[in-house]
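Presented below is the structure to which this report refers.
Residue numbers begin at 1 in each chain, while the letters A, B, ... track the order of the sequences.
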2 protein chains.
Amino acid sequence: MEITRIAEGAKGFEKVFAFLRERLLAGSLKPGDRLVPERELALQLGVSRPAVREALRALTMLGIVEILDRVGTVVRRPDVSVLGDFFTFALAQQADLIDDVMEARIAIECQAVRLAATRASIADFERMQRALTTIAETIDDADAGGMADFEFHAAIVLAAHSETLSVLHGSMGALLTRSHRSRRELVQAFGTMKTYLIDDHRRIFDAIVARDPERADTTLRRHFAIGDEYRRQAVLGLAEPRKASGE
Amino acid sequence: MEITRIAEGAKGFEKVFAFLRERLLAGSLKPGDRLVPERELALQLGVSRPAVREALRALTMLGIVEILDRVGTVVRRPDVSVLGDFFTFALAQQADLIDDVMEARIAIECQAVRLAATRASIADFERMQRALTTIAETIDDADAGGMADFEFHAAIVLAAHSETLSVLHGSMGALLTRSHRSRRELVQAFGTMKTYLIDDHRRIFDAIVARDPERADTTLRRHFAIGDEYRRQAVLGLAEPRKASGE
DNA sequence: CCGTGCGTTCTGGTCTGACCAGTATGATGA
DNA sequence: TCATCATACTGGTCAGACCAGAACGCACGG
(Lines give C-alpha, C1' and ligand atoms only; values in the text may rest on other atoms or scores of the structure.)
Protein backbone atom coordinates (compact mmCIF):
# COMPACT_ATOMS: atom_id res chain seq x y z
CA MET A 1 0.00 0.00 0.00
CA GLU A 2 2.06 2.86 -1.28
CA ILE A 3 1.50 6.20 0.28
CA THR A 4 2.45 8.01 -2.85
CA ARG A 5 -0.16 6.10 -4.75
CA ILE A 6 -2.52 8.99 -4.49
CA ALA A 7 -2.04 11.72 -7.01
CA GLU A 8 0.95 10.12 -8.65
CA GLY A 9 1.02 12.44 -11.58
CA ALA A 10 0.60 15.57 -9.55
CA LYS A 11 3.59 17.41 -8.26
CA GLY A 12 4.37 19.38 -5.18
CA PHE A 13 1.46 21.20 -3.68
CA GLU A 14 -1.15 19.31 -5.63
CA LYS A 15 0.29 16.03 -4.50
CA VAL A 16 0.27 16.93 -0.85
CA PHE A 17 -3.13 18.52 -0.99
CA ALA A 18 -4.65 15.54 -2.74
CA PHE A 19 -3.04 13.19 -0.27
CA LEU A 20 -4.40 15.04 2.72
CA ARG A 21 -7.79 15.53 1.11
CA GLU A 22 -8.13 11.81 0.59
CA ARG A 23 -7.25 11.13 4.18
CA LEU A 24 -9.64 13.77 5.42
CA LEU A 25 -12.56 12.83 3.22
CA ALA A 26 -12.06 9.14 3.87
CA GLY A 27 -12.08 9.77 7.56
CA SER A 28 -8.68 8.34 8.37
CA LEU A 29 -7.83 11.83 9.53
CA LYS A 30 -10.33 12.97 12.07
CA PRO A 31 -10.66 16.20 14.02
CA GLY A 32 -8.20 16.23 16.87
CA ASP A 33 -5.62 14.11 15.10
CA ARG A 34 -2.12 15.42 14.90
CA LEU A 35 -0.59 15.38 11.43
CA VAL A 36 2.87 14.06 10.80
CA PRO A 37 5.54 16.76 10.91
CA GLU A 38 6.08 18.78 7.79
CA ARG A 39 9.51 17.34 7.19
CA GLU A 40 8.34 13.77 7.41
CA LEU A 41 5.33 14.47 5.22
CA ALA A 42 7.64 15.98 2.65
CA LEU A 43 9.80 12.87 2.73
CA GLN A 44 6.87 10.48 2.49
CA LEU A 45 5.44 12.24 -0.52
CA GLY A 46 8.73 13.02 -2.12
CA VAL A 47 8.17 16.74 -2.25
CA SER A 48 9.83 19.71 -0.72
CA ARG A 49 8.86 21.29 2.53
CA PRO A 50 7.65 24.55 0.98
CA ALA A 51 5.21 22.48 -1.06
CA VAL A 52 3.96 20.83 2.09
CA ARG A 53 3.61 24.16 3.79
CA GLU A 54 1.54 25.50 0.92
CA ALA A 55 -0.84 22.60 1.21
CA LEU A 56 -1.10 22.95 4.96
CA ARG A 57 -1.67 26.66 4.60
CA ALA A 58 -4.39 25.95 2.09
CA LEU A 59 -6.12 23.58 4.45
CA THR A 60 -5.77 26.16 7.18
CA MET A 61 -7.61 28.64 5.02
CA LEU A 62 -10.38 26.13 4.58
CA GLY A 63 -10.54 25.77 8.32
CA ILE A 64 -9.75 22.08 8.08
CA VAL A 65 -6.52 22.08 10.01
CA GLU A 66 -4.82 24.32 12.47
CA ILE A 67 -1.11 24.95 12.45
CA LEU A 68 0.21 25.34 15.96
CA ASP A 69 3.48 27.16 16.00
CA ARG A 70 6.30 24.90 17.12
CA VAL A 71 3.86 22.23 18.19
CA GLY A 72 2.38 20.61 15.16
CA THR A 73 -0.57 20.58 12.81
CA VAL A 74 -3.88 19.24 14.01
CA VAL A 75 -7.15 18.48 12.24
CA ARG A 76 -10.01 20.55 13.51
CA ARG A 77 -13.71 20.69 13.02
CA PRO A 78 -14.48 23.26 10.35
CA ASP A 79 -16.18 26.35 11.62
CA VAL A 80 -17.46 29.75 10.65
CA SER A 81 -14.25 31.62 10.23
CA VAL A 82 -13.67 30.52 6.67
CA LEU A 83 -16.99 31.75 5.43
CA GLY A 84 -16.46 34.95 7.34
CA ASP A 85 -13.19 35.57 5.55
CA PHE A 86 -14.75 34.71 2.26
CA PHE A 87 -17.66 37.08 2.65
CA THR A 88 -15.40 39.81 3.89
CA PHE A 89 -13.35 39.70 0.73
CA ALA A 90 -16.26 39.03 -1.53
CA LEU A 91 -18.22 41.99 -0.33
CA ALA A 92 -15.29 44.32 -0.21
CA GLN A 93 -15.08 44.07 -3.96
CA GLN A 94 -18.77 44.32 -4.53
CA ALA A 95 -20.23 46.66 -1.98
CA ASP A 96 -23.51 46.58 -3.82
CA LEU A 97 -23.80 43.02 -2.65
CA ILE A 98 -24.79 44.16 0.80
CA ASP A 99 -28.48 44.29 -0.01
CA ASP A 100 -27.96 40.95 -1.59
CA VAL A 101 -26.46 39.52 1.55
CA MET A 102 -29.23 41.06 3.55
CA GLU A 103 -31.67 39.02 1.54
CA ALA A 104 -29.72 35.90 2.32
CA ARG A 105 -29.76 36.79 5.96
CA ILE A 106 -33.50 37.15 5.84
CA ALA A 107 -33.69 33.76 4.25
CA ILE A 108 -31.60 32.20 6.98
CA GLU A 109 -33.43 33.87 9.80
CA CYS A 110 -36.89 33.11 8.52
CA GLN A 111 -36.03 29.47 8.30
CA ALA A 112 -34.32 29.64 11.65
CA VAL A 113 -37.28 31.24 13.33
CA ARG A 114 -39.49 28.45 12.08
CA LEU A 115 -37.18 25.84 13.48
CA ALA A 116 -36.76 27.85 16.65
CA ALA A 117 -40.50 27.85 17.15
CA THR A 118 -40.31 24.09 17.04
CA ARG A 119 -37.08 23.33 18.83
CA ALA A 120 -36.29 26.22 21.14
CA SER A 121 -35.30 25.12 24.61
CA ILE A 122 -35.67 26.91 27.90
CA ALA A 123 -32.10 28.11 27.59
CA ASP A 124 -32.94 29.52 24.17
CA PHE A 125 -35.93 31.35 25.55
CA GLU A 126 -33.76 32.81 28.26
CA ARG A 127 -31.17 33.97 25.78
CA MET A 128 -33.79 35.65 23.65
CA GLN A 129 -35.48 37.16 26.68
CA ARG A 130 -32.18 38.56 27.80
CA ALA A 131 -31.56 40.08 24.41
CA LEU A 132 -35.01 41.64 24.45
CA THR A 133 -34.26 43.26 27.77
CA THR A 134 -30.96 44.58 26.47
CA ILE A 135 -32.67 46.01 23.42
CA ALA A 136 -35.08 47.91 25.63
CA GLU A 137 -32.29 49.15 27.84
CA THR A 138 -30.06 50.32 25.04
CA ILE A 139 -32.82 51.79 22.96
CA ASP A 140 -31.15 55.22 22.90
CA ASP A 141 -27.69 53.98 22.09
CA ALA A 142 -27.17 53.31 18.43
CA ASP A 143 -24.02 51.35 19.03
CA ALA A 144 -25.08 49.14 21.91
CA GLY A 145 -28.58 49.00 20.52
CA GLY A 146 -27.38 47.59 17.27
CA MET A 147 -25.39 45.03 19.16
CA ALA A 148 -28.41 44.03 21.21
CA ASP A 149 -30.52 43.83 18.09
CA PHE A 150 -28.03 41.50 16.52
CA GLU A 151 -27.86 39.48 19.71
CA PHE A 152 -31.56 38.83 19.56
CA HIS A 153 -31.48 37.74 15.98
CA ALA A 154 -28.48 35.57 16.67
CA ALA A 155 -30.38 34.03 19.57
CA ILE A 156 -33.15 33.09 17.19
CA VAL A 157 -30.73 31.31 14.92
CA LEU A 158 -29.13 29.56 17.85
CA ALA A 159 -32.55 28.40 18.95
CA ALA A 160 -32.96 26.70 15.60
CA HIS A 161 -30.25 24.28 16.69
CA SER A 162 -28.89 24.10 13.19
CA GLU A 163 -25.15 24.21 12.81
CA THR A 164 -25.28 25.20 9.19
CA LEU A 165 -27.75 28.00 9.69
CA SER A 166 -25.64 29.33 12.53
CA VAL A 167 -22.54 29.23 10.42
CA LEU A 168 -24.13 31.05 7.53
CA HIS A 169 -25.79 33.61 9.73
CA GLY A 170 -22.63 34.21 11.66
CA SER A 171 -20.55 34.76 8.60
CA MET A 172 -22.99 37.29 7.25
CA GLY A 173 -23.50 39.01 10.55
CA ALA A 174 -19.83 39.88 10.72
CA LEU A 175 -20.09 42.33 7.90
CA LEU A 176 -23.71 43.30 8.07
CA THR A 177 -23.24 44.71 11.55
CA ARG A 178 -20.64 47.02 10.15
CA SER A 179 -22.90 48.64 7.63
CA HIS A 180 -25.83 48.34 9.95
CA ARG A 181 -24.58 50.56 12.69
CA SER A 182 -24.37 53.57 10.43
CA ARG A 183 -27.76 52.87 9.02
CA ARG A 184 -29.23 52.50 12.45
CA GLU A 185 -27.97 55.91 13.41
CA LEU A 186 -29.97 57.40 10.62
CA VAL A 187 -33.10 55.65 11.59
CA GLN A 188 -32.71 56.43 15.25
CA ALA A 189 -34.20 59.81 14.58
CA PHE A 190 -37.71 58.50 14.12
CA GLY A 191 -39.76 58.56 17.27
CA THR A 192 -41.82 55.56 16.31
CA MET A 193 -38.61 53.66 15.80
CA LYS A 194 -38.23 52.83 19.45
CA THR A 195 -41.58 51.17 19.86
CA TYR A 196 -41.01 49.40 16.58
CA LEU A 197 -37.74 47.98 17.77
CA ILE A 198 -39.09 46.84 21.11
CA ASP A 199 -42.57 45.65 20.19
CA ASP A 200 -41.59 43.96 16.96
CA HIS A 201 -38.93 41.85 18.55
CA ARG A 202 -41.29 41.07 21.37
CA ARG A 203 -43.90 39.86 18.91
CA ILE A 204 -41.40 37.59 17.23
CA PHE A 205 -40.39 36.19 20.57
CA ASP A 206 -44.02 35.59 21.47
CA ALA A 207 -44.62 33.66 18.30
CA ILE A 208 -41.67 31.42 19.05
CA VAL A 209 -42.82 30.84 22.58
CA ALA A 210 -46.26 30.05 21.23
CA ARG A 211 -44.61 27.38 19.05
CA ASP A 212 -46.17 28.91 15.97
CA PRO A 213 -43.65 28.66 13.11
CA GLU A 214 -45.95 30.27 10.59
CA ARG A 215 -46.66 33.32 12.68
CA ALA A 216 -43.03 33.59 13.69
CA ASP A 217 -41.97 33.60 10.08
CA THR A 218 -44.59 36.12 9.05
CA THR A 219 -43.81 38.42 11.95
CA LEU A 220 -40.08 38.28 11.36
CA ARG A 221 -40.52 38.90 7.67
CA ARG A 222 -42.68 41.92 8.37
CA HIS A 223 -40.09 43.08 10.86
CA PHE A 224 -37.48 43.16 8.16
CA ALA A 225 -39.83 44.87 5.74
CA ILE A 226 -40.60 47.61 8.23
CA GLY A 227 -36.95 48.11 9.02
CA ASP A 228 -36.32 48.45 5.33
CA GLU A 229 -39.06 51.01 5.03
CA TYR A 230 -37.64 53.03 7.91
CA ARG A 231 -34.27 53.08 6.28
CA ARG A 232 -35.72 54.07 2.98
CA GLN A 233 -37.55 57.00 4.53
CA ALA A 234 -34.48 57.96 6.49
CA VAL A 235 -32.37 58.13 3.39
CA LEU A 236 -34.95 60.05 1.43
CA GLY A 237 -36.39 62.26 4.16
CA LEU A 238 -33.73 63.48 6.49
CA ALA A 239 -30.46 63.05 4.78
CA GLU A 240 -28.91 65.51 7.19
CA PRO A 241 -25.90 63.97 8.85
CA ARG A 242 -26.23 65.09 12.47
CA LYS A 243 -22.76 64.03 13.40
CA ALA A 244 -19.65 65.58 12.01
CA SER A 245 -17.53 62.59 12.82
CA GLY A 246 -18.65 60.33 10.04
CA GLU A 247 -16.95 57.28 11.44
CA MET B 1 4.47 56.06 2.15
CA GLU B 2 6.29 52.90 3.01
CA ILE B 3 4.91 49.74 1.55
CA THR B 4 6.04 47.69 4.48
CA ARG B 5 4.11 49.98 6.77
CA ILE B 6 1.33 47.47 6.92
CA ALA B 7 1.87 44.65 9.34
CA GLU B 8 5.28 45.81 10.38
CA GLY B 9 5.56 43.44 13.27
CA ALA B 10 4.33 40.43 11.35
CA LYS B 11 6.73 38.23 9.56
CA GLY B 12 6.68 36.22 6.41
CA PHE B 13 3.32 34.87 5.49
CA GLU B 14 1.40 37.10 7.84
CA LYS B 15 3.07 40.14 6.42
CA VAL B 16 2.29 39.31 2.84
CA PHE B 17 -1.23 38.23 3.61
CA ALA B 18 -1.97 41.40 5.57
CA PHE B 19 -0.48 43.49 2.82
CA LEU B 20 -2.61 41.92 0.14
CA ARG B 21 -5.70 41.91 2.31
CA GLU B 22 -5.38 45.64 2.86
CA ARG B 23 -5.06 46.23 -0.84
CA LEU B 24 -7.98 44.00 -1.62
CA LEU B 25 -10.30 45.37 1.04
CA ALA B 26 -9.36 48.93 0.27
CA GLY B 27 -10.13 48.38 -3.35
CA SER B 28 -6.76 49.27 -4.77
CA LEU B 29 -6.67 45.70 -6.01
CA LYS B 30 -9.73 44.99 -8.07
CA PRO B 31 -10.87 41.87 -9.89
CA GLY B 32 -8.99 41.50 -13.12
CA ASP B 33 -5.85 43.19 -11.84
CA ARG B 34 -2.60 41.37 -12.22
CA LEU B 35 -0.52 41.14 -9.07
CA VAL B 36 3.14 41.91 -9.09
CA PRO B 37 5.31 38.85 -9.66
CA GLU B 38 6.12 36.71 -6.67
CA ARG B 39 9.76 37.62 -6.72
CA GLU B 40 9.10 41.33 -6.77
CA LEU B 41 6.48 41.05 -4.05
CA ALA B 42 8.96 39.18 -1.93
CA LEU B 43 11.50 41.91 -2.47
CA GLN B 44 9.07 44.73 -1.73
CA LEU B 45 7.95 43.18 1.52
CA GLY B 46 11.34 41.90 2.50
CA VAL B 47 10.25 38.30 2.78
CA SER B 48 11.16 35.13 1.03
CA ARG B 49 9.37 33.73 -1.95
CA PRO B 50 7.98 30.70 -0.15
CA ALA B 51 6.28 33.08 2.25
CA VAL B 52 4.76 34.93 -0.66
CA ARG B 53 3.63 31.70 -2.20
CA GLU B 54 1.91 30.67 0.99
CA ALA B 55 0.00 33.91 1.10
CA LEU B 56 -0.99 33.63 -2.53
CA ARG B 57 -2.05 30.05 -2.03
CA ALA B 58 -4.12 31.13 0.94
CA LEU B 59 -5.87 33.77 -1.14
CA THR B 60 -6.40 31.19 -3.84
CA MET B 61 -8.17 28.97 -1.35
CA LEU B 62 -10.42 31.88 -0.48
CA GLY B 63 -11.16 32.30 -4.15
CA ILE B 64 -9.87 35.85 -4.06
CA VAL B 65 -7.02 35.30 -6.40
CA GLU B 66 -6.13 32.95 -9.19
CA ILE B 67 -2.63 31.75 -9.84
CA LEU B 68 -2.06 31.20 -13.53
CA ASP B 69 0.83 28.92 -14.17
CA ARG B 70 3.68 30.73 -15.80
CA VAL B 71 1.52 33.74 -16.44
CA GLY B 72 0.90 35.56 -13.21
CA THR B 73 -1.50 36.00 -10.37
CA VAL B 74 -4.75 37.84 -10.98
CA VAL B 75 -7.49 39.06 -8.69
CA ARG B 76 -10.80 37.46 -9.43
CA ARG B 77 -14.34 37.87 -8.35
CA PRO B 78 -14.96 35.42 -5.54
CA ASP B 79 -17.32 32.64 -6.45
CA VAL B 80 -18.90 29.48 -5.23
CA SER B 81 -15.98 27.12 -5.38
CA VAL B 82 -14.58 28.07 -2.02
CA LEU B 83 -17.77 27.36 -0.19
CA GLY B 84 -18.08 24.14 -2.11
CA ASP B 85 -14.69 22.99 -0.90
CA PHE B 86 -15.50 24.06 2.59
CA PHE B 87 -18.77 22.18 2.74
CA THR B 88 -17.20 19.15 1.18
CA PHE B 89 -14.66 18.89 3.94
CA ALA B 90 -17.02 19.98 6.65
CA LEU B 91 -19.60 17.38 5.78
CA ALA B 92 -17.09 14.63 5.30
CA GLN B 93 -16.29 14.87 8.95
CA GLN B 94 -19.81 15.37 10.07
CA ALA B 95 -22.12 13.45 7.86
CA ASP B 96 -24.99 14.16 10.17
CA LEU B 97 -24.79 17.72 8.97
CA ILE B 98 -26.59 16.81 5.80
CA ASP B 99 -30.04 17.30 7.22
CA ASP B 100 -28.72 20.48 8.64
CA VAL B 101 -27.55 21.69 5.28
CA MET B 102 -30.85 20.67 3.80
CA GLU B 103 -32.56 23.05 6.15
CA ALA B 104 -30.28 25.82 5.03
CA ARG B 105 -31.08 25.00 1.45
CA ILE B 106 -34.77 25.26 2.18
CA ALA B 107 -34.13 28.62 3.75
CA ILE B 108 -32.31 29.84 0.68
CA GLU B 109 -34.82 28.53 -1.79
CA CYS B 110 -37.86 29.82 0.03
CA GLN B 111 -36.39 33.27 0.08
CA ALA B 112 -35.32 32.88 -3.51
CA VAL B 113 -38.72 31.81 -4.68
CA ARG B 114 -40.23 34.89 -3.11
CA LEU B 115 -37.78 37.10 -4.91
CA ALA B 116 -38.23 35.10 -8.07
CA ALA B 117 -41.94 35.72 -7.95
CA THR B 118 -41.13 39.41 -7.95
CA ARG B 119 -38.17 39.67 -10.23
CA ALA B 120 -38.22 36.73 -12.59
CA SER B 121 -37.67 37.72 -16.20
CA ILE B 122 -38.85 36.03 -19.35
CA ALA B 123 -35.54 34.27 -19.62
CA ASP B 124 -36.00 32.96 -16.11
CA PHE B 125 -39.44 31.66 -16.96
CA GLU B 126 -38.02 29.91 -19.96
CA ARG B 127 -35.28 28.31 -17.95
CA MET B 128 -37.73 27.04 -15.38
CA GLN B 129 -40.11 25.86 -18.06
CA ARG B 130 -37.33 23.96 -19.70
CA ALA B 131 -36.41 22.32 -16.43
CA LEU B 132 -40.02 21.34 -15.89
CA THR B 133 -40.09 19.65 -19.25
CA THR B 134 -36.91 17.79 -18.50
CA ILE B 135 -38.30 16.63 -15.19
CA ALA B 136 -41.29 15.17 -16.94
CA GLU B 137 -39.13 13.52 -19.58
CA THR B 138 -36.70 11.97 -17.17
CA ILE B 139 -39.27 10.93 -14.64
CA ASP B 140 -38.18 7.30 -14.79
CA ASP B 141 -34.48 7.94 -14.61
CA ALA B 142 -33.23 8.46 -11.09
CA ASP B 143 -29.97 9.91 -12.25
CA ALA B 144 -31.14 12.28 -14.94
CA GLY B 145 -34.27 12.98 -12.96
CA GLY B 146 -32.34 14.13 -9.97
CA MET B 147 -30.32 16.37 -12.21
CA ALA B 148 -33.43 17.86 -13.75
CA ASP B 149 -34.94 18.35 -10.33
CA PHE B 150 -31.89 20.22 -9.21
CA GLU B 151 -31.92 22.24 -12.40
CA PHE B 152 -35.40 23.48 -11.68
CA HIS B 153 -34.55 24.49 -8.15
CA ALA B 154 -31.41 26.16 -9.37
CA ALA B 155 -33.47 28.02 -11.92
CA ILE B 156 -35.64 29.36 -9.13
CA VAL B 157 -32.62 30.70 -7.31
CA LEU B 158 -31.28 32.20 -10.50
CA ALA B 159 -34.59 33.92 -11.03
CA ALA B 160 -34.19 35.61 -7.68
CA HIS B 161 -31.33 37.57 -9.22
CA SER B 162 -29.40 37.46 -6.01
CA GLU B 163 -25.73 36.74 -6.25
CA THR B 164 -25.43 35.76 -2.63
CA LEU B 165 -28.35 33.40 -2.68
CA SER B 166 -26.98 31.79 -5.81
CA VAL B 167 -23.60 31.33 -4.23
CA LEU B 168 -24.98 29.76 -1.10
CA HIS B 169 -27.35 27.54 -2.98
CA GLY B 170 -24.68 26.44 -5.39
CA SER B 171 -22.26 25.54 -2.67
CA MET B 172 -24.82 23.40 -0.96
CA GLY B 173 -26.12 21.85 -4.10
CA ALA B 174 -22.73 20.38 -4.87
CA LEU B 175 -22.94 17.93 -2.04
CA LEU B 176 -26.65 17.63 -1.61
CA THR B 177 -26.99 16.25 -5.10
CA ARG B 178 -24.62 13.49 -4.16
CA SER B 179 -26.66 12.26 -1.26
CA HIS B 180 -29.82 13.09 -3.11
CA ARG B 181 -29.36 10.70 -5.94
CA SER B 182 -29.25 7.70 -3.69
CA ARG B 183 -32.21 8.92 -1.75
CA ARG B 184 -34.14 9.55 -4.89
CA GLU B 185 -33.62 6.00 -5.99
CA LEU B 186 -35.29 4.82 -2.87
CA VAL B 187 -38.23 7.07 -3.33
CA GLN B 188 -38.61 6.27 -6.99
CA ALA B 189 -40.48 3.15 -6.02
CA PHE B 190 -43.59 5.00 -5.01
CA GLY B 191 -46.14 5.33 -7.75
CA THR B 192 -47.53 8.58 -6.52
CA MET B 193 -44.02 9.97 -6.58
CA LYS B 194 -44.12 10.75 -10.26
CA THR B 195 -47.18 12.92 -10.11
CA TYR B 196 -45.80 14.54 -7.01
CA LEU B 197 -42.59 15.42 -8.76
CA ILE B 198 -44.27 16.81 -11.81
CA ASP B 199 -47.31 18.51 -10.35
CA ASP B 200 -45.57 20.01 -7.37
CA HIS B 201 -42.90 21.67 -9.42
CA ARG B 202 -45.53 22.86 -11.80
CA ARG B 203 -47.46 24.46 -8.97
CA ILE B 204 -44.38 26.27 -7.76
CA PHE B 205 -43.75 27.53 -11.23
CA ASP B 206 -47.33 28.73 -11.53
CA ALA B 207 -47.07 30.68 -8.32
CA ILE B 208 -43.97 32.41 -9.59
CA VAL B 209 -45.57 33.22 -12.89
CA ALA B 210 -48.58 34.55 -11.00
CA ARG B 211 -46.19 36.88 -9.16
CA ASP B 212 -47.44 35.59 -5.86
CA PRO B 213 -44.47 35.38 -3.45
CA GLU B 214 -46.54 34.15 -0.56
CA ARG B 215 -48.07 31.28 -2.46
CA ALA B 216 -44.75 30.42 -4.05
CA ASP B 217 -43.12 30.19 -0.65
CA THR B 218 -45.91 28.13 0.82
CA THR B 219 -46.00 25.77 -2.12
CA LEU B 220 -42.25 25.28 -2.18
CA ARG B 221 -42.16 24.70 1.55
CA ARG B 222 -44.87 22.09 1.26
CA HIS B 223 -42.95 20.56 -1.61
CA PHE B 224 -39.97 20.03 0.63
CA ALA B 225 -42.13 18.71 3.42
CA ILE B 226 -43.74 16.14 1.14
CA GLY B 227 -40.40 15.08 -0.24
CA ASP B 228 -39.21 14.60 3.29
CA GLU B 229 -42.23 12.51 4.06
CA TYR B 230 -41.62 10.31 1.04
CA ARG B 231 -38.08 9.73 2.07
CA ARG B 232 -39.10 8.95 5.59
CA GLN B 233 -41.57 6.37 4.41
CA ALA B 234 -39.07 4.95 1.99
CA VAL B 235 -36.50 4.45 4.68
CA LEU B 236 -38.98 2.91 7.05
CA GLY B 237 -41.08 0.95 4.61
CA LEU B 238 -38.89 -0.61 1.97
CA ALA B 239 -35.38 -0.61 3.25
CA GLU B 240 -34.52 -3.32 0.75
CA PRO B 241 -31.48 -2.38 -1.28
CA ARG B 242 -32.45 -3.42 -4.77
CA LYS B 243 -29.02 -3.01 -6.21
CA ALA B 244 -26.05 -5.06 -5.16
CA SER B 245 -23.57 -2.59 -6.58
CA GLY B 246 -23.64 0.01 -3.87
CA GLU B 247 -22.16 2.75 -5.97
C1' DC C 1 5.34 47.66 -45.54
C1' DC C 2 3.26 43.86 -43.19
C1' DG C 3 3.25 39.35 -41.25
C1' DT C 4 5.44 35.41 -39.52
C1' DG C 5 9.01 33.02 -36.81
C1' DC C 6 12.33 32.53 -33.37
C1' DG C 7 14.75 33.71 -29.29
C1' DT C 8 15.22 36.20 -25.02
C1' DT C 9 12.96 37.41 -20.89
C1' DC C 10 9.73 36.75 -17.44
C1' DT C 11 6.41 33.94 -14.97
C1' DG C 12 5.09 30.50 -11.68
C1' DG C 13 6.57 25.69 -9.66
C1' DT C 14 9.73 23.40 -7.24
C1' DC C 15 13.76 21.88 -4.77
C1' DT C 16 17.79 21.90 -1.54
C1' DG C 17 19.73 22.94 2.62
C1' DA C 18 20.15 25.81 6.21
C1' DC C 19 19.14 28.67 10.46
C1' DC C 20 16.00 30.44 14.14
C1' DA C 21 12.95 30.14 18.16
C1' DG C 22 10.09 28.10 21.17
C1' DT C 23 8.15 23.31 22.84
C1' DA C 24 8.27 18.91 24.84
C1' DT C 25 10.44 15.35 26.66
C1' DG C 26 13.81 12.97 28.74
C1' DA C 27 17.86 12.63 31.71
C1' DT C 28 20.03 14.40 35.54
C1' DG C 29 20.63 16.40 39.85
C1' DA C 30 18.87 17.75 44.48
C1' DT D 1 10.50 11.49 44.36
C1' DC D 2 10.43 15.79 42.32
C1' DA D 3 12.28 19.86 40.17
C1' DT D 4 15.51 21.49 36.87
C1' DC D 5 17.95 21.70 32.74
C1' DA D 6 19.75 20.05 28.19
C1' DT D 7 18.60 18.28 23.87
C1' DA D 8 15.81 16.72 20.12
C1' DC D 9 11.91 18.15 17.64
C1' DT D 10 8.41 21.36 15.90
C1' DG D 11 6.94 25.02 12.82
C1' DG D 12 8.64 29.66 10.53
C1' DT D 13 11.63 31.52 7.55
C1' DC D 14 15.19 32.40 4.40
C1' DA D 15 18.52 32.12 0.38
C1' DG D 16 19.69 30.73 -4.01
C1' DA D 17 19.04 27.86 -7.68
C1' DC D 18 16.87 25.26 -11.59
C1' DC D 19 12.96 23.99 -14.77
C1' DA D 20 9.27 24.62 -18.21
C1' DG D 21 6.15 27.14 -20.48
C1' DA D 22 4.13 31.88 -21.73
C1' DA D 23 4.75 36.51 -23.36
C1' DC D 24 7.01 39.83 -25.70
C1' DG D 25 9.97 41.91 -29.09
C1' DC D 26 12.98 41.84 -32.77
C1' DA D 27 14.66 40.27 -37.02
C1' DC D 28 13.86 38.10 -41.13
C1' DG D 29 11.13 36.80 -45.15
C1' DG D 30 7.27 37.63 -48.06
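Across the protein-nucleic acid pair, Leu68(B) atom CG and dG12(C) atom C1' stand 10 Å apart, rounded to whole Å. For the pair Leu43(B) CG and dC14(D) C1', the computed distance is 13 Å after rounding to whole Å. In this structure, Arg34(A) places its CZ atom 14 Å from C1' of dG11(D), rounding to the nearest Å. Atoms CG (Leu45(B)) and P (dA15(D)) sit 13 Å apart, rounded to a whole Å. As rounded to whole Å, 15 Å separates atom C1' of dT10(D) from atom CD of Glu66(A). Between the CD atom of Glu38(A) and the C1' atom of dT16(C) there is a distance of 16 Å, rounded to whole Å.
Between Phe89(A) and Phe17(B), the ring planes are perpendicular. Angles over 60° get that label, and only those under 30° would be called parallel. Note on ring orientation: taking the six-membered ring where Trp is involved, the planes of Phe125(B) and Phe205(B) are perpendicular (angle over 60°, cut-offs 30° and 60°).
Looking only at distances, no side-chain donor or acceptor of Arg34(A) sits under 3.5 Å from a matching main-chain atom of Val74(A). Side-chain N or O atoms of Arg23(A) include none that pairs as donor or acceptor with a backbone N or O of Ser28(A) at under 3.5 Å. Without hydrogens or angle criteria, Thr118(A) side chain to Arg114(A) main chain gives a donor-acceptor distance under 3.5 Å. No donor-acceptor distance shorter than 3.5 angstrom exists from the side chain of Asp33(A) to the backbone of Val75(A), with no hydrogens or angles considered.
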(request) For nucleotides 17-25 of chain C, just jot down a letter per nucleotide in 5' to 3' order: B, S or -, based on protein non-hydrogen atoms under 4.0 Å. (result) -BB-BBS--
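Phosphate proximity of dG12(C) to Thr73(B): present, with a side-chain N or O under 4.0 Å from OP1 or OP2.
Comparing Arg57(A) and Glu40(A) by the nucleotide of DNA chain D that holds the closest heavy atom to each, the one mapping nearer the 5' end is Glu40(A).
Within the 4.0 angstrom heavy-atom criterion, no nucleotide atom of any strand lies near Leu56(A).
Set against dT13(D), dC14(D), dT16(C), the side chain of Ser48(A) has dT16(C) as its closest nucleotide.
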